[in-house]
Protein chains: 2
Amino acid sequence: MAELDKIDRMILKELQVDGRISNAELASRIGLAPTSMSDRVRRLTRLGYIAGFGARLDPHKLGLDLLVLIEVSLDKTTPDIFDKFAAAVRRAPEVLECHMVSGGFDYLVKARLKDMATYRAFLGDVLLSLPGVRETRSYPVIEEVKNNGPLPV
Amino acid sequence: MAELDKIDRMILKELQVDGRISNAELASRIGLAPTSMSDRVRRLTRLGYIAGFGARLDPHKLGLDLLVLIEVSLDKTTPDIFDKFAAAVRRAPEVLECHMVSGGFDYLVKARLKDMATYRAFLGDVLLSLPGVRETRSYPVIEEVKNNGPLPV
DNA sequence: CGAAGCTGCCGTAGAACATACGGAATGGAC
DNA sequence: GTCCATTCCGTATGTTCTACGGCAGCTTCG
């Protein structure tokens with residue numbers, strides 16, 4: 001009941017790559033009966049190893065050709081500045097990721113947009129209009145070397 | 001045949017959140033017959049809007065408690081340095097993302113590891129041992145405010 | 001106008017699939 | 001040896017997928 005065995009890890013690896021593989025196909029690939037596979041996948045989901053399933057969309061097909069990384073520094077005057085910023089970021093659909101970091105700045109934001117003009121508007125209307133944002137540094141992505149790599153299991 | 005209509009966008013939005021929803025359930029949610037839904041999803045996949053499906057795993061359940069962002073600067077002396085670096089990064093399972101950026105440094109790397117000791121080893125054995133890596137700056141993530149947000153469709 | 005062609009939708013039917021259930025095999029504790 | 005827990009498997013039932021053909025609306029073009 002405790003940990004992950006070798007089979008569990010193989011399952012997780014396969015499901016990361018193809019989350020819609022049929023239970024039967026996955027079972028035969030691993031070398032297990034379909035029902036056993038069903039049991040294991042359900043268990044992995046119940047225990048939280050599998051948080052969910054999702055479709056991977058092609059951003060360029062959707063017209064989102066610009067990926068930007070933004071370093072954000074906040075004014076640390078009022079205590080709820082961080083919460084306000086985090087809430088605003090979670091609301092913004094352009095923002096795919098946002099991490100609070102330790103080091104030279106406070107947050108790193110990853111946003112996907114149509115083009116530079118759209119980014120310019122996003123920067124002014126969303127980011128810079130937030131109270132407490134002291135400084136931002138933008139890094140447009142030239143080449144996506146690796147993206148959404150699977151977790152090592 | 002050309003673009004995405006309103007129904008297509010709804011489908012993409014739903015499939016991003018739950019990629020394993022049954023075709024029948026998705027059809028009834030959107031208000032379409034199951035067979036029409038099947039046609040549309042197949043079309044979206046064939047045209048490349050849907051690049052694939054995958055399981056979302058919980059990194060902490062897998063013991064990957066440390067998320068680090070690393071800015072990397074390269075020596076621009078030899079022309080194939082960039083290719084070598086990109087290839088190495090694609091090979092490294094700890095690296096989830098790597099983007100070449102325009103600005104103060106060359107690459108931003110996102111890596112997930114067990115702990116600081118593991119990161120220390122990764123930094124020395126993988127990153128710094130690559131030829132051409134001139135400088136790195138590491139930013140451990142304190143709080144993941146937003147992660148793997150869905151693309152706006 | 002009207003026929004042809006295209007597109008998107010739907011219903012049917014057979015196959016493939018998922019899953020609840022109970023039974024068998026394995027391995028450890030005592 | 002006996003008990004218990006775990007993991008696996010086969011069966012059976014209900015659900016789901018999908019290939020196929022038909023129907024309605026729209027456009028095109030003679």
Side-chain angles (χ1 to χ4, degrees), chain A residues 1-64 114 148 150-153, chain B residues 1-64 114 148 150-153:
Chain A
M1 201 297 183
E3 296 303 321
L4 296 176
D5 61 13
K6 216 161 170 48
I7 295 181
D8 289 324
R9 293 181 190 280
M10 281 194 284
I11 294 172
L12 293 179
K13 201 179 297 184
E14 295 277 352
L15 285 181
Q16 271 194 106
V17 176
D18 182 3
R20 257 201 170 179
I21 186 177
S22 84
N23 190 45
E25 164 66 17
L26 181 58
S28 89
R29 197 174 295 184
I30 303 277
L32 224 58
T35 56
S36 308
M37 184 56 66
S38 195
D39 288 346
R40 280 188 180 257
V41 173
R42 197 186 353 269
R43 171 176 164 274
L44 289 171
T45 303
R46 181 172 44 83
L47 295 182
Y49 291 94
I50 297 174
F53 293 88
R56 281 187 297 268
L57 306 189
D58 183 340
H60 299 290
K61 279 283 190 177
L62 298 170
L64 301 169
K114 182 164 168 286
N148 272 70
L151 293 182
V153 290
Chain B
M1 205 284 192
E3 296 301 322
L4 296 177
D5 62 13
K6 216 160 170 50
I7 295 181
D8 288 325
R9 293 182 189 279
M10 281 195 284
I11 293 172
L12 293 180
K13 200 180 298 184
E14 295 278 349
L15 284 182
Q16 271 195 107
V17 176
D18 180 3
R20 258 198 169 180
I21 186 176
S22 85
N23 190 45
E25 164 66 17
L26 181 58
S28 89
R29 197 175 295 184
I30 303 276
L32 224 58
T35 57
S36 308
M37 182 57 65
S38 194
D39 288 346
R40 280 187 180 257
V41 172
R42 196 186 352 270
R43 172 176 163 274
L44 290 171
T45 304
R46 181 173 43 84
L47 295 182
Y49 291 94
I50 298 174
F53 293 87
R56 283 188 295 269
L57 306 188
D58 182 341
H60 299 289
K61 278 285 190 176
L62 297 170
L64 301 169
K114 182 163 167 288
N148 271 73
L151 293 182
V153 291

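The structure presented is a predicted model; accordingly, all values stated were derived computationally and were not measured. Labels below follow one simple rule: chain letters A, B, ... track the order of the sequence lines, proteins then strands, and each chain is numbered from 1.
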Of all the choices, [options], which nucleotide is nearest to the side chain of [X] once you look at every atom?
X: B:Arg42; options: D:dA19, D:dT16, C:dC17; result: D:dA19
X: B:Ala24; options: C:dC9, C:dC17, D:dC17; result: D:dC17
X: B:Arg40; options: C:dA18, C:dG8, D:dT18; result: C:dG8

From [atom1] of [X] over to [atom2] of [N], roughly how many Å is that when rounded to an integer?
X: B:Glu25; N: D:dC17; atom1: CD; atom2: C1'; result: 15 Å
X: B:Arg43; N: C:dT7; atom1: CZ; atom2: C1'; result: 11 Å
X: B:Arg20; N: C:dC17; atom1: CZ; atom2: P; result: 13 Å
X: A:Phe53; N: C:dA18; atom1: CZ; atom2: C1'; result: 13 Å
X: A:Ile7; N: D:dT7; atom1: CD1; atom2: P; result: 10 Å
X: A:Asp8; N: D:dT7; atom1: CG; atom2: C1'; result: 11 Å
X: B:Asn23; N: C:dC10; atom1: CG; atom2: P; result: 12 Å

**Message:** Using a 4.0 Å heavy-atom cut-off, does A:Ile21 contact any base of the nucleic acid, only the sugar-phosphate backbone, or nothing at all?
**Reply:**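 The answer is nothing, as A:Ile21 stays clear of every strand by at least 4.0 Å.
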Could you measure the distance from the [atom1] atom of [X] to the [atom2] atom of [Y]? Nearest 0.5 Å is fine.
X: A:Leu151; Y: B:Lys61; atom1: CG; atom2: NZ; value: 14.5 Å
X: B:Glu25; Y: B:Arg20; atom1: CD; atom2: CZ; value: 15.5 Å
X: A:His60; Y: B:Tyr49; atom1: NE2; atom2: OH; value: 13.5 Å

**Message:** So, applying side chain to side chain contact (heavy atoms under 4.5 Å, CB included) with A:Leu4, which one of A:Leu44, A:Val153, A:Ile11 is it?
**Reply:**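 The side chain to side chain contact (heavy atoms under 4.5 Å, CB included) with A:Leu4 is passed solely by A:Leu44 among A:Leu44, A:Val153, A:Ile11.
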**Prompt:** Of the non-hydrogen atoms in A:Glu3 and A:Arg43, which two are nearest, and what is the gap between them?
**Reply:**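 Heavy atoms of A:Glu3 and A:Arg43 come nearest at O-NH2, 3.3 Å.
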**Message:** Just N and O in the side chain of B:Ser38: are any of them under 4.0 Å from OP1 or OP2 of D:dT18?
**Reply:**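 Looking at the OP1 and OP2 atoms of D:dT18, one of them is under 4.0 Å from a side-chain N or O of B:Ser38.
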**Request:** Begin with the C-alpha distance, continue with both residues' side-chain angles, and end with the deciding distance and a verdict on side-chain contact (heavy atoms from CB on, under 4.5 Å) for B:Asp18 and B:Leu26.
**Result:** CA-CA 10 Å; B:Asp18 180 3; B:Leu26 181 58; over 6 Å; no
**Derivation and outcome, side-chain contact (heavy atoms from CB on, under 4.5 Å), residues A:Arg42 and A:Asp39** = CA-CA 5 Å; A:Arg42 197 186 353 269; A:Asp39 288 346; 3.5 Å; yes
I'd like a table of atom pairs between the protein and nucleotides 9-14 of chain D - only N or O on both sides, under 3.5 Å - with the distance next to each one.
residue, atom, partner, partner atom, Å
D:dC9, OP2, A:Ala33, N, 2.7
D:dC9, OP2, A:Ser36, OG, 3.0
D:dG10, O6, A:Thr35, OG1, 3.4

